[in-house]
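Accompanying notes for the structure given below.
Because the structure is a prediction, the values reported are computed rather than measured. FYI, side chains are in, hydrogens and waters are out, and symmetry mates aren't considered; it's all heavy atoms of this structure.
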Amino acid sequence: MTISVSRGKAFALALAAALALALAFGITVGTASPAAAAGTFRLCNVSSDYSAQATFANSGGFSTRVVQPGQCTSVGLGSGTVRYSVTIKGNWANSPSKTTTQYSIPSGRSADFHAGGTFASPQYTPLVY
């Protein structure tokens, strides 16, 4: 038994010395952090007179479905920072459209975008979490 305790102590001392040497030279010891998880984008239209649709600029022009007043839609986001804009269009024949500036969602985060108000005076509430 005395021999295995001595070998155990010797192993522990060698391990401690190696760890101290690694830390002295700035080598980090630990586990790798996992890649950022993809998030979710949700578009909710709480307006009274227009439809809304989000387009993702750096995803090949991918768009959500058209969301009518009182509805929401969700899509999964890929990794990396995601840029998007929201276009609204009045719910009457030959209506014009309006497009927001571009918003960004950092990698691994999710976002809710609420479009409200009226077409004449739209209100946008982007929330990244």
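- Residue T40 holds its OG1 atom at 13.0 Å from CZ of R109, rounded to the nearest 0.5 Å.
- At a threshold of 4.5 Å between side-chain heavy atoms, the hydrophobic network of Ile, Leu, Val, Met, Phe, Trp and Tyr places V66 and F56 in two separate groups.
- With contacts defined as side-chain heavy-atom distances shorter than 4.5 Å, the pair T55/Y84 does not qualify.
- Between S95 atom OG and Y50 atom OH the span is 12.5 Å, to the nearest 0.5 Å.
- Partners of S74 according to the side chain to side chain donor-acceptor pair (under 3.5 Å) rule, which considers only residues two or more places apart in sequence or in another chain, do not exist here.
- When every heavy atom of K98 is checked against every heavy atom of P122, the shortest pair comes out as NZ-CD, 4.0 Å.
- Residue pairs that meet the salt bridge (charged side-chain N to carboxylate O under 4.0 Å, His left out) test with at least one member in residues 111-129, sequence neighbours left out, are R42-D112.
- Note: Y103 and Y124 fail the aromatic proximity criterion, with ring centroids not under 6.0 Å apart.
- Between F119 and W92, the angle of the ring planes goes over 60°, which puts this pair in the perpendicular group of the 30/60° scheme.
- Under a 3.5 Å cut-off, the side chain of S110 and the backbone N or O of F41 do not form any donor-acceptor pair.
- Of the possible polar contacts, one joining the S107 side chain to the G80 backbone as a donor-acceptor pair under 3.5 Å is found.
- Note that CD of Q68 and OG1 of T73 are 12.0 Å apart. Values are rounded to the nearest 0.5 Å.
- Residues S97 and I88 are not in side-chain contact: their nearest non-hydrogen atoms beyond the backbone lie 4.5 Å or more apart.
- Scanning all heavy atoms of the two residues, the minimum distance from A52 to V86 falls at CB-CG1, 4.3 Å.
- Smallest separation of non-hydrogen atoms from A111 and I105: CB-CD1, 3.6 Å.
- Under a 3.5 Å cut-off, the side chain of T118 and the backbone N or O of S121 do form a donor-acceptor pair.
- To the nearest 0.5 angstrom, Q71 atom CD is 10.5 Å from L43 atom CG.
- Residue pairs satisfying the disulfide bond (SG atoms under 2.5 Å apart) criterion with at least one member in residues 92-129, sequence neighbours excluded, are absent.
- Distance OG/S47 to NE2/H114: 12.5 Å, rounded to 0.5 Å.
- S51 is listed as a side-chain neighbour of N91, based on a closest heavy-atom distance under 4.5 Å.
- Residue pairs satisfying the disulfide bond (SG atoms under 2.5 Å apart) criterion with at least one member in residues 71-129, sequence neighbours excluded, are listed as follows: C44-C72.
- Taking the side chain as every heavy atom from C-beta outward, T100 and F113 approach each other to under 4.5 Å.
- Applying the salt bridge (Lys or Arg N to Asp or Glu O under 4.0 Å) test to D49 and every residue at least two apart in sequence or in another chain returns nothing.
- In this view, R83 and A57, N58, Q102, S104 satisfy the side-chain contact (heavy atoms from CB on, under 4.5 Å) rule, not counting sequence neighbours.
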